[in-house]
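None of these values were measured; they are calculated from a predicted model.
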Amino acid sequence: MAGEVESPRAKAFRTGLFWGKNKSLEVVWMGKYFIRISTIYLILGLLIGYLMGVTNLFQYTSLHVHVNLVGWVTSALFGVVYCIFSSPRHAKMIKVHFWLHTLGVPLLVGGMYLIIAGMEAIGGPLSGLGGALVIVGAVLYSMYSFKAFQPSKE
C-alpha cells in the first residue's frame with residue numbers, strides 16, 4: 001500500500017541483512033545485539049549485588065564483579081564500538097565474536113557460581129571453557145580494532 005511504513009525487520013530482510021548482502025547494516029545490528037544483551041547483565045549484576053547486601057553473603061563478590069564487568073560493561077562497549085565504527089569488511093569476524101562472547105559469559109559466571117557453591121569438579125571446567133571463549137572473542141575484537149582503526153595514508 002502507498003504510504004505504508006516498512007518495519008525495520010522487513011527492511012532488513014528486503015535489503016539482504018539475512019543473506020549477507022548489506023554488511024554495514026549487519027555490523028550495526030550485531031552492535032545492537034551486544035547492547036541488548038548487556039542490559040540483561042546489568043539487571044543480573046544489580047540483583048546479585050542487592051541480594052549480597054541484603055543477605056550478607058559476600059562470597060559472591062567475584063561473581064557480581066564478573067557479571068558487571070565482563071557481562072555488562074564489555075558487552076555494552078563492544079556494541080557501541082560496532083554501532084559507531086561499523087566496518088562491513090569484518091562482518092563475519094564480528095558475528096563470531098558475538099557468539100563467542102554470548103556463549104562464553106554465561107559459562108564463565110555459571111561456572112564461578114558452581115565453584116563458590118562447592119561444586120568445583122563441574123564449575124572449574126565450565127568457567128575455564130567460558131573464560132577461553134571470552135578471551136578468544138576479545139582477541140577477535142582486538143584484531144578488528146587494529147584493522148578498522150588504521151591511520152589514514154593521506
Side-chain angles (χ1 to χ4, degrees), residues 1-53 60-114 116 123 125-154:
M1 277 184 138
E4 190 174 307
V5 177
E6 185 175 31
S7 75
R9 287 183 193 262
K11 182 178 180 184
F13 190 78
R14 183 180 52 79
T15 58
L17 172 66
F18 300 109
W19 337 107
K21 294 178 186 173
N22 192 340
K23 296 289 185 190
S24 184
L25 181 61
E26 192 172 24
V27 171
V28 171
W29 274 46
M30 294 311 294
K32 289 179 180 181
Y33 290 147
F34 264 115
I35 292 169
R36 282 182 175 181
I37 286 178
S38 76
T39 61
I40 295 167
Y41 290 119
L42 168 64
I43 301 300
L44 183 61
L46 290 172
L47 284 172
I48 292 169
Y50 175 76
L51 291 172
M52 282 181 355
Y60 297 105
T61 302
S62 62
L63 180 68
H64 167 69
V65 169
H66 278 79
V67 169
N68 280 320
L69 289 179
V70 179
W72 173 48
V73 175
T74 57
S75 297
L77 288 174
F78 292 149
V80 168
V81 168
Y82 290 146
C83 283
I84 294 175
F85 303 104
S86 63
S87 175
R89 295 178 297 156
H90 305 104
K92 192 170 197 164
M93 182 189 303
I94 293 167
K95 273 186 175 178
V96 171
H97 174 216
F98 173 80
W99 286 111
L100 287 171
H101 195 78
T102 300
L103 295 172
V105 174
L107 289 173
L108 174 66
V109 297
M112 289 177 69
Y113 173 78
L114 292 172
I116 294 167
L126 277 181
S127 64
L129 175 61
L133 292 175
V134 169
I135 289 169
V136 171
V139 168
L140 287 177
Y141 174 77
S142 182
M143 290 170 51
Y144 170 81
S145 67
F146 277 100
K147 288 179 179 183
F149 304 129
Q150 290 181 356
S152 61
K153 298 177 182 178
E154 292 178 22

Open item on the list: Under a plain distance cut-off of 3.5 Å, with no hydrogens placed, do Y141 and H101 share a side-chain donor-acceptor pair?
Closed with: no

L107 meets the side chain to side chain contact (heavy atoms under 4.5 Å, CB included) criterion, sequence neighbours left out, with L126, L129, L133

- prompt: So does Y113 have more than 12 non-hydrogen atoms from other groups sitting under 6.0 Å from OH?
  reply: no

On a heavy-atom basis, the closest approach of S127 and M112 is CB-N, 4.0 Å

Nearest heavy-atom contact between I48 and Y60 is CG2-O, 4.4 Å

Distance col, row H64:NE2 vs L44:CG, nearest 0.5 angstrom, shows 10.5 Å

| With ring centroids as reference points, do H97 and Y144 lie under 6.0 angstrom apart? | no

Between I37 and T102 the two heavy atoms that sit nearest each other are CD1-OG1, 3.7 Å

On a heavy-atom basis, the closest approach of N68 and Y41 is OD1-O, 4.2 Å

Rounded to the nearest 0.5 Å, the NE2 atom of H90 sits from the CZ atom of F85 at a distance of 14.5 Å

Looking only at heavy atoms, the pair that brings M93 and L140 closest together is SD-O, 3.4 Å

Give me the ring orientation class for F98 and Y33: parallel if the planes are under 30° apart, tilted from 30 to 60°, perpendicular past 60°.
tilted

Query - Side-chain heavy atoms of I116 within contact of S62, under 4.5 Å - result: yes

Q. Looking at side-chain heavy atoms only, is the closest gap between L63 and V109 below 4.5 Å?
A. yes

Of all heavy-atom pairs linking C83 and I35, the shortest is SG-CD1, 4.3 Å

The side chain to side chain contact (heavy atoms under 4.5 Å, CB included) partners of T39 (sequence neighbours excluded) come to none

For this session: Ignoring hydrogens and angles, tell me if any N or O in the side chain of S75 forms a donor-acceptor pair with the backbone of G71 under 3.5 Å.
Result: yes

OG1 (T74) and CZ (F34) are apart, to the nearest 0.5 Å, by 8.0 Å

